[in-house]
Amino acid sequence: MNDGASGIIPKAMPAESMIAAVQLMLSGQRFAPADMPASTHAETNLTDREMDVLRRLHEGESNKEIARALGIQETTVKLHLRSLALKLDARNRTEIVIKSLKSGVL
């Protein structure tokens, strides 16, 4: 992605997720699957956008509110939440926040 690409989309990605990833890239953002992060925070392996979503999730915002505030689609927020859950080994929104606080991410 350092040579000008906006992201990487695996062929095995579900169609809805693929569409959201393309929309994210068309909006000027970068996209990489959870196991291949773009710009990351070294100690957490979270992208800048994931950190943005995580901070707003911590504030109690809904997916719709997060999407509106960040200027992205609600489906894209769901993609970031799925990635956060994988990276933090969490099963839901609440666990994402709890584990991020316990690990010092937030």
Side-chain angles (χ1 to χ4, degrees):
M1 289 193 335
N2 293 334
D3 294 329
S6 295
I8 299 169
I9 300 176
K11 290 191 292 185
M13 181 179 271
E16 184 178 302
S17 299
M18 202 178 284
I19 291 168
V22 170
Q23 289 173 335
L24 178 74
M25 290 184 284
L26 288 173
S27 73
Q29 300 298 314
R30 290 183 161 238
F31 175 81
D35 59 338
M36 188 184 291
S39 168
T40 62
H41 298 267
E43 68 282 355
T44 62
N45 209 30
L46 300 182
T47 65
D48 291 336
R49 183 57 89 183
E50 288 169 342
M51 287 298 294
D52 293 340
V53 170
L54 181 58
R55 285 185 197 101
R56 292 186 172 281
L57 183 64
H58 179 259
E59 294 297 319
E61 293 184 12
S62 68
N63 290 356
K64 189 177 214 172
E65 291 170 324
I66 294 169
R68 191 176 312 123
L70 298 179
I72 59 178
Q73 297 292 318
E74 194 171 346
T75 308
T76 306
V77 173
K78 291 176 186 177
L79 272 175
H80 289 305
L81 290 175
R82 192 173 314 146
S83 179
L84 284 165
L86 286 170
K87 290 179 180 182
L88 296 171
D89 192 31
R91 291 176 292 194
N92 55 47
R93 300 167 67 88
T94 304
E95 274 193 18
I96 291 171
V97 172
I98 290 169
K99 289 189 174 195
S100 68
L101 290 169
K102 284 184 177 179
S103 66
V105 174
L106 280 179

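If you read the sequence from its start, that first residue is 1, and numbering goes on from there.
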I'd like to know if E74 and R68 make a salt bridge, using a cut-off of under 4.0 Å between side-chain N and carboxylate O. no
Interatomic distance, CG@N45 vs CG@L88, rounded to 0.5 Å, equals 10.0 Å
Let me confirm one number: the CD1-CG distance from I98 to N92, rounded to the nearest 0.5 Å. 8.0 Å
Measure from the side-chain N and O atoms of S83 to the backbone N and O of L79, and report whether any donor-acceptor pair falls under 3.5 Å. no
Working note: S17 + R82, criterion side-chain contact (heavy atoms from CB on, under 4.5 Å); need CA distance, chi angles, decisive distance, verdict. CA-CA 10 Å; S17 299; R82 192 173 314 146; 3.1 Å; yes
Starting from L54, can I reach L101 by hopping between I/L/V/M/F/W/Y residues whose side chains sit under 4.5 Å apart? yes
Can you tell me how far the CG atom of L81 sits from the CD1 atom of I66, to the nearest 0.5 Å? 6.0 Å
Stepwise side-chain hydrogen bond (donor to acceptor under 3.5 Å, both in side chains) test for R93 and N63: CA-CA 10 Å; R93 300 167 67 88; N63 290 356; 2.4 Å; yes
Value for CG (L24) from OG1 (T75), rounded to nearest 0.5 Å, stands at 11.0 Å
N/O donor-acceptor pair under 3.5 Å between E95 side chain and R91 backbone: yes
Given the rule that I, L, V, M, F, W and Y join up when any side-chain heavy atoms are under 4.5 Å apart, are L70 and I19 in one cluster? no
So, the side chain of S103 versus the backbone of K99: is there a donor-acceptor pair under 3.5 Å, distance only? yes
What verdict does the side-chain contact (heavy atoms from CB on, under 4.5 Å) test give for H58 and V105, after you've listed the backbone C-alpha separation in whole Å, the side-chain angles of each residue and the deciding distance to 0.1 Å? CA-CA 11 Å; H58 179 259; V105 174; over 6 Å; no
To the closest 0.5 Å, what do you measure between NE2 (H80) and CE (M51)? 13.0 Å
Just wondering, do M25 and I9 contact through their side chains at under 4.5 Å, heavy atoms? yes
Within the 4.5 Å heavy-atom criterion, are K64 and V77 side-chain neighbours or not? no
Flag the pair K87 / E50 as yes when at least one side-chain heavy-atom distance between them is below 4.5 Å, and no otherwise. yes
Tightest non-hydrogen contact, residues E65 and G60, listed as OE1-O, 4.3 Å
